[in-house]
Amino acid sequence: MLAKFAEEGTPLGEIHPSHPTAHDLLGTLNLGTYLEIAQRRKWWIILCTLGLSVCATIVAQRLPNIYRAETVILVDAAQVPDNVVKSLNTGDISGRLATLRQQVLSPTRLKKLVEAQKLYPDPTGTLSEEEVIGGLQKSIIVELVNPGSGKMSAFRIAYSGRKRAEVAPIANQLAQMFIDENVTIRVDQSEDITQFLRTQLQETKKQMDELDGKLQGIKSRNIDQMPESKQYHVEALSSLRAQVQTIQDKIQQDNREKNILQSMMISGGGDAPTIDINGDADGRGPYQAQIQKLESKLSELRLRYGPGHPDVRRTQNELERLKTKAASEAAAAAASGQTDTQKPAIQEGRQQKRRNPVVQAQIEKLDEDIALQTRAVAPLQARMDMHEARLGQMPAFEQQISRMQQDYDILRSQYTSLLEKEKAAEISHALEVHQKAEKFEILDPATTPAKPAAPNRLLISLAGLFGGLVGGIALAALTEMNDESVRTENEAARIFGKPVLSGIPLVITREEHHLSNLRALAMVLGTVVGSAALGLIFSLFSGRFL
């Protein structure tokens, strides 16, 4: 073949640089070519598959048995309906389960479990207490039974270990720890809520008592400014005004009488009406004392009962009749013109002697009465001013009292609400203590497993076989791509682009065939021994970490 290429003038040194190599043509080969490559590289595939398969089988057989025990805990709903007693623990069960898992699987809690189940010290003496607890944490699985159905109704606790007899007790102990921890958490939470409500209730009661004390103190110190006393001030002010009006009417009446007397004194060119021996003046002498007496009585009745009392009206009518009668008699006497002329000198003498002192005394008495009545108005006016001031201040004081009363009502409402909540919290706490509320119950206790749950030796062996096959094929392909040898006429024709006239077959003698078989047997034995040794080494390390 080389001679033929030389005759056609193709330099041997230009073959490889100017033509594509074998790995460039690998992707264009057909199935037959791939089978030829597999035939050439069969030992790579066989030895790699054999080695990984033996190693995986040794490791699988050397791995310790792992036993698994699990228990299912049912989340039992509260026995007392929520519309009867509202539960204080209304959080999501999934969230509470995560909290429970962190608390139960804490190193402190698991240390007690390790000591109770005598998991430490390690029989091999290679693991410390921390490593034993860490391995125990990794061996515990807490998972939901129905994670996709919305509301959780149960969860599973599983424990895996090497000792078949101890996995079930540990799983049951873990389940009981979850149950006890859930009860403790719920009782403590309800107790904390109850204590908090009780503290808030006491603080609200204290604030309410302080505000009530202030309110009652203000009311007692300002009782006359309370809204309830408004009617009292109005009635008192009306009564005082009536009394002042009565006094003013009396003053006006006295002024009128004083004016009449003064007019009588200056009438007739300075001559006053005749006053007889009995003291009658202007024809009213016999009635003057009665009029004064009735006027005094009327003033007292008005001050005592007011202007609308029946006694006041009766006395007023009697006084008016007496005044009318006296006025009529005085008018009749003035019209008579003093016809009795037999004793004018005597009458004029009497008038000269008695007229001035008596009338003057009456005028002076009226002046005193006017002054007395005027002085009586001042205290009544002061009292009226006081009542009007109280009525003027009452809106602002009423607003202040109203704000304080509103604050007190708000505190009282809060106190009532807190009191109801505190009573409900106490009942809920009692339910938690007696486990009548939501609780965990073991639905399926853990039992001793009949066979190990792991490892799956067949699966590991099959995985080693498949991995070795894939690895051998990959090594064969890599070796083929790195090999630039030309073995067949077709390869030579594809590489050089020229036909091949003839080929020289490979001739193998019997001795070479025998040596080839011996080499193959040695490679197989070496691969098996090496893989077994490597599997033993891996099993030792894997057993330490499992």
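Note that CD1 of Ile73 is 10.5 Å distant from CD of Glu441, once rounded to the nearest 0.5 Å. Between atom CD1 of residue Ile170 and atom OG1 of residue Thr71 there is a gap of 14.0 Å, rounded to the nearest 0.5 Å. To the nearest 0.5 Å, the span separating CG on Asp209 from CD on Gln216 amounts to 11.5 Å. Going from atom CD of Glu368 over to atom CG of Leu366 covers 9.5 Å, rounded to the nearest 0.5 Å. Between Glu210 atom CD and Leu215 atom CG the span is 13.5 Å, to the nearest 0.5 Å. The structure places OG1 of Thr184 at 5.5 Å from CD of Glu181, a figure rounded to the nearest 0.5 Å.
Take Gln405 and apply the side chain to side chain donor-acceptor pair (under 3.5 Å) test, not counting sequence neighbours, and it matches Asp409. Take Gln245 and apply the side chain to side chain donor-acceptor pair (under 3.5 Å) test, not counting sequence neighbours, and it matches Asp249. In this structure, Gln207 has no side chain to side chain donor-acceptor pair (under 3.5 Å) partners at least two apart in sequence or on a different chain. For Arg241, the salt bridge (charged side-chain N to carboxylate O under 4.0 Å, His left out) criterion is met by Glu388, not counting sequence neighbours.
Under the 4.5 Å side-chain criterion, counting only non-hydrogen atoms from C-beta, Thr246 is not in contact with Gln243. In this structure, the side chains of Asn255 and Ile370 come closer than 4.5 Å at one or more pairs of heavy atoms. Between Val142 and Val104 there is no side-chain heavy-atom pair separated by less than 4.5 Å. Looking at Leu418 and Arg198, their side chains never come closer than 4.5 Å, going by heavy atoms from C-beta outward. Side-chain contact between Ile157 and Ile141: absent, with no pair of heavy atoms (C-beta onward) separated by less than 4.5 Å. Looking at Val167 and Arg68, their side chains never come closer than 4.5 Å, going by heavy atoms from C-beta outward.
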Should Ile363 and Asp367 be marked as a side chain to side chain contact (heavy atoms under 4.5 Å, CB included) after you check the CA-CA gap, both sets of side-chain angles, and the distance that decides it? CA-CA 6 Å; Ile363 293 174; Asp367 289 337; 3.9 Å; yes

Might you work through the side chain to side chain contact (heavy atoms under 4.5 Å, CB included) test for Met208 and Tyr408, ending with a clear yes or no? CA-CA 6 Å; Met208 188 171 63; Tyr408 178 79; 3.3 Å; yes

Determine, stepwise, if the pair Gln316 / Glu320 fulfils side chain to side chain donor-acceptor pair (under 3.5 Å). CA-CA 6 Å; Gln316 180 70 32; Glu320 294 295 335; 2.9 Å; yes

Apply side chain to side chain contact (heavy atoms under 4.5 Å, CB included) to residues Val244 and Ile247 and explain how you reach the verdict. CA-CA 5 Å; Val244 171; Ile247 294 174; 5.7 Å; no

Step-by-step side chain to side chain contact (heavy atoms under 4.5 Å, CB included) determination, Ile193 to Leu197: CA-CA 6 Å; Ile193 295 176; Leu197 291 175; 4.1 Å; yes

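Ser417 places no side-chain N or O within donor-acceptor distance of the main-chain N or O of Ser413, the cut-off being under 3.5 Å. With hydrogens and angles ignored, the 3.5 Å screen pairs no side-chain donor or acceptor of Ser238 with any backbone N or O of Val234.
A tilted orientation is assigned to the rings of Phe178 and Phe155, their planes being inclined by 30° to 60°.
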Name the atoms and distances for all side-chain donor-acceptor pairs under 3.5 Å in residues 444-454, with sequence neighbours left out.
none

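Comment: Lys250 engages Asp254 in a salt bridge, judged by a side-chain N to carboxylate O separation of less than 4.0 angstrom. Lys205 has no carboxylate O lying under 4.0 Å from a charged side-chain N of Glu203, or vice versa, which leaves the two without a salt bridge. Salt bridge absent: Lys365 and Asp369 never bring a charged side-chain N and a carboxylate O closer than 4.0 Å.
Minimum heavy-atom separation, Val72 to Val145: CG1-CG2, 4.2 Å. Annotation for Ser190 and Thr194: closest pair O-OG1, 2.7 Å, computed over non-hydrogen atoms. Summarising the geometry of Met384 relative to Leu237, their closest heavy-atom pair is O-CD1, 3.6 Å, with the distance given to 0.1 Å. Across all their heavy atoms, Thr204 and Leu411 have their closest contact at CG2-O, 3.6 Å. Residue Tyr159 comes nearest to Glu166 through the heavy atom pair OH-OE2, 4.2 Å, listed as atom of the first residue, atom of the second, then distance.
Asn172 and Gln176 are not linked by any side-chain donor-acceptor pair at a separation below 3.5 angstrom, with hydrogens and angles left out of the test. With no hydrogens or angles considered, no side-chain donor-acceptor pair links Glu191 and Gln195 at under 3.5 Å. In the model, Gln406 has no side-chain atom that pairs as donor or acceptor with a side-chain atom of Arg403 under 3.5 Å.
Among residue pairs with one or both ends in residues 135-145, those qualifying as side-chain hydrogen bond (donor to acceptor under 3.5 Å, both in side chains) are Glu143-Arg156; sequence neighbours excluded.
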